[in-house]
Peer 1: 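What follows is a structure written as structure tokens; I'll ask about it next.
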Number of protein chains: 2
Amino acid sequence: MKTIADIAKLAGVAKSTVSRYLNGGSVSEKMKQKIETIIEETGYTPNTFAQSLKAKKTNMIGTIVPRLDSYETSQTLTGIDNELREWNCHMLVSNTNQNVDREIETIYTFAKQKVAGIILLATQVTDTHLQAFSEINVPVLLVGQQHEDVYSLVHNDEEAGYAIGKYIIEQGHRRLAFLGVSEENIAIGLKRKEGFKRAIREAGGCEVHYFETGFTMSEATAGALAVFDGFFPSALICATDDIAIGAVKAAYKKGMHVPANISVTGFGGYDITAMMNPALTTVKLHFIEAGKTAARNIIQLANGQEIPKLTYSGFEIIARESVDKRFVPG
Amino acid sequence: MKTIADIAKLAGVAKSTVSRYLNGGSVSEKMKQKIETIIEETGYTPNTFAQSLKAKKTNMIGTIVPRLDSYETSQTLTGIDNELREWNCHMLVSNTNQNVDREIETIYTFAKQKVAGIILLATQVTDTHLQAFSEINVPVLLVGQQHEDVYSLVHNDEEAGYAIGKYIIEQGHRRLAFLGVSEENIAIGLKRKEGFKRAIREAGGCEVHYFETGFTMSEATAGALAVFDGFFPSALICATDDIAIGAVKAAYKKGMHVPANISVTGFGGYDITAMMNPALTTVKLHFIEAGKTAARNIIQLANGQEIPKLTYSGFEIIARESVDKRFVPG
DNA sequence: CTGAAAGCGCTTACAG
DNA sequence: CTGAAAGCGCTTACAG
């Protein structure tokens with residue numbers, strides 16, 4: 001392995017000159033050429049540790065995820081990794097298994113590892129989080145949740161909730177059930193529901209019941225079974241695709257057909273939703289794009305550049321087979 | 001941020017003594033206690049770069065994956081990350097988007113970053129791979145594929161293929177189609193099929209047609225449509241769950257019911273297969289466990305300990321609703 | 001524009 | 001068991 005000293009000797013200059021060349025300092029045109037050639041020939045690449053030891057910073061971005069085995073995480077990571085590569089940065093990934101303590105712990109660990117920045121696929125932002133952010137000297141970007149004191153990138157959950165609400169009403173449904181998650185999760189539990197409610201208020205004349213369940217498909221199956229217990233909506237709006245998948249399963253268990261007996265919508269746009277029978281109508285969130293944007297944003301922050309405190313990522317309604325059109329009298 | 005010099009001064013000893021304490025060298029009991037206390041009080045943690053600069057090695061394991069958005073990858077990464085944490089190691093992840101050039105490139109990049117080891121979720125092992133492995137001075141572990149010259153961890157694909165073949169025959173099916181992938185992929189394309197064929201040979205009296213498709217669900221839908229074009233098997237054995245999902249979709253498109261008109265099996269044991277209608281009979285591979293084992297193995301290699309060249313990970317048949325029992329005359 | 005020197009925080013022979 | 005010193009490979013004022 002060549003070092004900067006080897007290159008300097010070959011070029012007949014001091015190490016500092018090579019270093020300056022590497023870092024864009026002032027070097028004569030002639031010398032630049034010479035050093036460039038030698039570096040190419042030798043295939044020299046600087047030792048990142050030695051660099052980091054001085055610069056006290058690496059080219060690694062720490063990414064903290066609540067779980068690895070979800071479509072959202074996978075897609076977002078794909079986007080992040082892809083974009084990071086363009087910037088010659090690496091992605092350090094840590095899975096917290098939805099454990100908040102572990103999340104906090106990882107924030108400090110990453111800081112110790114001197115990552116250039118931290119991307120946190122957040123589920124909630126507690127005071128402990130805020131304290132950690134302020135203690136470490138590393139820029140942090142929240143993805144999926146927002147907080148006024150932290151740089152955030154979110155899917156426009158309120159608008160998306162509104163859009164799916166409006167859509168289902170346009171299809172003639174008036175007797176609705178909303179199967180969501182705990183409001184502790186601001187983006188998914190609260191915002192999506194709020195947007196949906198706004199659409200309901202605007203339309204008027206709807207009967208809506210609200211239910212809460214967990215994030216896993218099997219929890220959702222149980223949750224949906226409870227929905228069908230006594231109340232018979234013509235459409236069931238679910239706060240995530242996994243929940244919708246669980247709900248469809250529950251409907252079948254009850255002997256109900258989707259969408260003949262009940263329409264179901266999801267939220268997310270997971271690939272699998274296209275393959276279901278019937279194919280699921282859902283709100284597609286642009287996770288890969290969001291991941292790329294997140295990567296760009298954190299790199300800008302790491303370089304000391306300013307970015308907006310809050311960035312929105314887009315969405316679109318994907319109308320498929322799981323929603324029936326209903327005739328609305330009058 | 002405290003340095004080793006600060007601790008040394010506080011303890012009234014030389015830096016080398018503190019270093020020895022940290023690395024388990026010989027230090028008097030009394031001194032140990034004192035240093036320990038001081039380290040606790042100050043919250044000192046060694047600078048990893050400075051350590052790496054000398055040791056020329058980090059506590060990071062580089063993990064290379066062909067794609068991030070697959071159940072197999074997600075689960076395996078979950079296992080790896082989980083186990084790595086136990087050993088105070090970190091997971092550096094790079095996604096190659098199924099691009100072999102990028103795979104090779106990443107191997108060198110990781111080596112340059114001085115990762116302690118590389119886990120490669122492999123799809124194929126070319127000569128270029130082998131050359132890269134020999135050029136870098138970092139232990140490598142293949143997961144999912146095997147090669148005699150490289151440490152490998154594989155699901156026992158041949159046995160698993162045999163098991164599902166045997167199972168389907170036991171259910172009375174004799175007219176079969178196998179929907180696999182290119183044999184370039186040794187584990188999934190070749191081994192699974194070979195195991196299946198062994199079961200067929202053993203049983204005798206079966207008519208089997210073999211088909212090939214891609215890895216994505218939509219490719220599989222197209223592939224399965226081709227299967228149904230003229231040939232009507234009573235059971236369709238798919239080489240992955242994604243393929244099975246695509247095949248079920250194709251069956252519905254053709255107006256066929258699963259399993260009444262055709263039985264379908266998958267391979268992998270993805271969570272989603274339990275939620276399908278009908279729930280998919282499949283071979284469950286223990287990805288999380290495999291990930292953990294992979295992490296343990298690479299750490300052992302990184303520490304210079306010997307491990308078996310080849311490790312097998314387990315599997316089990318999950319019998320669900322997508323396979324019908326057929327009566328076999330005679 | 002260029003070089004000599006100090007220093008980043010640690011580890012590791014080598015003496016004692 | 002303990003310490004002084006050199007060195008890992010780079011960067012960065014400071015002179016020139």
Side-chain angles (χ1 to χ4, degrees), chain A residues 1-36 38-39 42-60 88 109 111-116 137-138 302-304, chain B residues 1-36 38-39 42-60 88 109 111-116 137-138 302-304:
Chain A
M1 218 69 226
K2 297 283 177 195
T3 72
I4 198 171
D6 298 325
I7 306 302
K9 197 178 296 170
L10 286 170
V13 294
K15 292 186 297 177
S16 23
T17 305
V18 179
S19 176
R20 249 177 262 117
Y21 165 83
L22 255 17
N23 297 289
S26 49
V27 179
S28 72
E29 196 51 43
K30 197 195 255 168
M31 209 66 252
K32 272 189 194 165
Q33 308 266 300
K34 189 160 183 185
I35 296 177
E36 185 174 357
I38 294 177
I39 287 184
T42 56
Y44 165 75
T45 51
N47 178 312
T48 27
F49 305 128
Q51 290 181 313
S52 304
L53 186 56
K54 290 293 292 187
K56 297 183 179 294
K57 184 175 123 177
T58 63
N59 63 344
M60 291 185 302
N88 266 308
T109 314
K112 217 185 74 186
Q113 290 262 116
K114 302 277 189 302
V115 296
N137 199 18
V138 173
N303 291 336
Chain B
M1 218 70 226
K2 298 281 174 196
T3 72
I4 198 171
D6 298 325
I7 306 302
K9 197 177 298 169
L10 286 170
V13 295
K15 294 186 296 177
S16 23
T17 305
V18 179
S19 177
R20 249 177 261 117
Y21 165 83
L22 256 15
N23 297 289
S26 50
V27 179
S28 73
E29 196 51 45
K30 197 196 256 171
M31 208 66 253
K32 272 189 192 164
Q33 308 265 298
K34 190 161 183 183
I35 297 177
E36 184 175 355
I38 293 177
I39 288 184
T42 56
Y44 165 75
T45 51
N47 179 313
T48 27
F49 305 128
Q51 290 181 314
S52 304
L53 186 55
K54 289 294 294 189
K56 296 184 181 296
K57 185 174 121 175
T58 63
N59 63 345
M60 290 185 303
N88 266 310
T109 313
K112 218 185 74 186
Q113 290 261 115
K114 302 276 189 303
V115 296
N137 200 18
V138 173
N303 291 336

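Letters go in sequence order (proteins before strands), and every chain restarts at 1.
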Peer 1: When you compare the protein's N or O atoms with those of nucleotides 9-11 of chain D, which come within less than 3.5 Å of each other, and at what distance?
Peer 2:
{"residue": "D/dG9", "atom": "OP1", "partner": "B/Lys56", "partner atom": "NZ", "Å": "3.0"}
{"residue": "D/dC10", "atom": "OP1", "partner": "A/Tyr44", "partner atom": "OH", "Å": "2.6"}
{"residue": "D/dC10", "atom": "OP1", "partner": "A/Asn47", "partner atom": "N", "Å": "2.9"}
{"residue": "D/dC10", "atom": "OP2", "partner": "A/Ile4", "partner atom": "N", "Å": "2.2"}
{"residue": "D/dC10", "atom": "N4", "partner": "A/Lys15", "partner atom": "NZ", "Å": "3.0"}
{"residue": "D/dT11", "atom": "OP1", "partner": "A/Asn23", "partner atom": "ND2", "Å": "3.3"}
{"residue": "D/dT11", "atom": "OP1", "partner": "A/Gln51", "partner atom": "NE2", "Å": "3.4"}
{"residue": "D/dT11", "atom": "OP2", "partner": "A/Ser19", "partner atom": "OG", "Å": "2.7"}

Peer 1: When you check the phosphate oxygens OP1 and OP2 of C/dT2, does a side-chain N or O of A/Thr17 lie under 4.0 Å from one of them?
Peer 2: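 For C/dT2, neither OP1 nor OP2 has a side-chain N or O of A/Thr17 closer than 4.0 Å.
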
Peer 1: Looking at A/Ser28, I'd like to know whether one of its side-chain N or O atoms comes within less than 4.0 Å of OP1 or OP2 on C/dT2.
Peer 2: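 True: A/Ser28 side-chain N/O within range (under 4.0 Å) of C/dT2 OP1/OP2.
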
Peer 1: Please report the closest heavy-atom contact between B/Thr58 and B/Gln113, naming both atoms and the distance.
Peer 2: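 That closest heavy-atom pairing would be CG2-O, 3.9 Å.
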
Peer 1: Would you check, one step at a time, whether the test side chain to side chain contact (heavy atoms under 4.5 Å, CB included) holds for B/Ile38 with B/Ile35?
Peer 2: CA-CA 5 Å; B/Ile38 293 177; B/Ile35 297 177; 5.7 Å; no

Peer 1: For B/Ala302 versus B/Ala116, what's the shortest heavy-atom pair and its separation?
Peer 2: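 Result for this residue pair: CB-O, 3.4 Å.
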
Peer 1: Assess the residue pair B/Tyr44 and B/Ile4 against the criterion (side chain to side chain contact (heavy atoms under 4.5 Å, CB included)); give the C-alpha distance rounded to whole Å, side-chain angles, the decisive distance to 0.1 Å, and a yes or no.
Peer 2: CA-CA 8 Å; B/Tyr44 165 75; B/Ile4 198 171; 3.7 Å; yes

Peer 1: Quick one: pull up CD in A/Gln51 and CG in B/Leu53 and give me the separation to the nearest 0.5 Å.
Peer 2: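 So the gap between those two atoms works out to 11.0 Å.
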
Peer 1: Grab the CD-C1' distance between B/Glu29 and D/dT2 for me, whole Å please.
Peer 2: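 After rounding, the reported distance stands at 16 Å.
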
Peer 1: Check B/Lys112 against A/Thr45 and note the closest heavy-atom contact, atom names and distance.
Peer 2: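 Nearest pair, atom of B/Lys112 first, then A/Thr45: CD-OG1, 3.1 Å.
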
Peer 1: Under a 3.5 Å cutoff on both atom distances, Watson-Crick or G-U, what's the dot-bracket for DNA chain D ([ ] crossing, | other strand)?
Peer 2: |||.||||||||.|||

Peer 1: Less than 3.5 Å apart, which donor and acceptor atoms pair up between the side chains of residues 8-24 of chain A and the rest of the protein, not counting sequence neighbours?
Peer 2:
{"residue": "A/Ser19", "atom": "OG", "partner": "A/Asn23", "partner atom": "ND2", "Å": "3.4"}
{"residue": "A/Asn23", "atom": "ND2", "partner": "A/Ser19", "partner atom": "O", "Å": "2.7"}

Peer 1: Could you grab the distance from atom OG of B/Ser26 to atom CE of B/Met31, nearest 0.5 Å is fine?
Peer 2: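 Answer for the OG-CE pair, B/Ser26 versus B/Met31, is 13.5 Å.
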
Peer 1: Taking atom C1' of C/dC8 as reference, at what distance in whole Å does atom NZ of A/Lys114 sit?
Peer 2: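 So the NZ-C1' distance, A/Lys114 to C/dC8, works out to 11 Å.
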
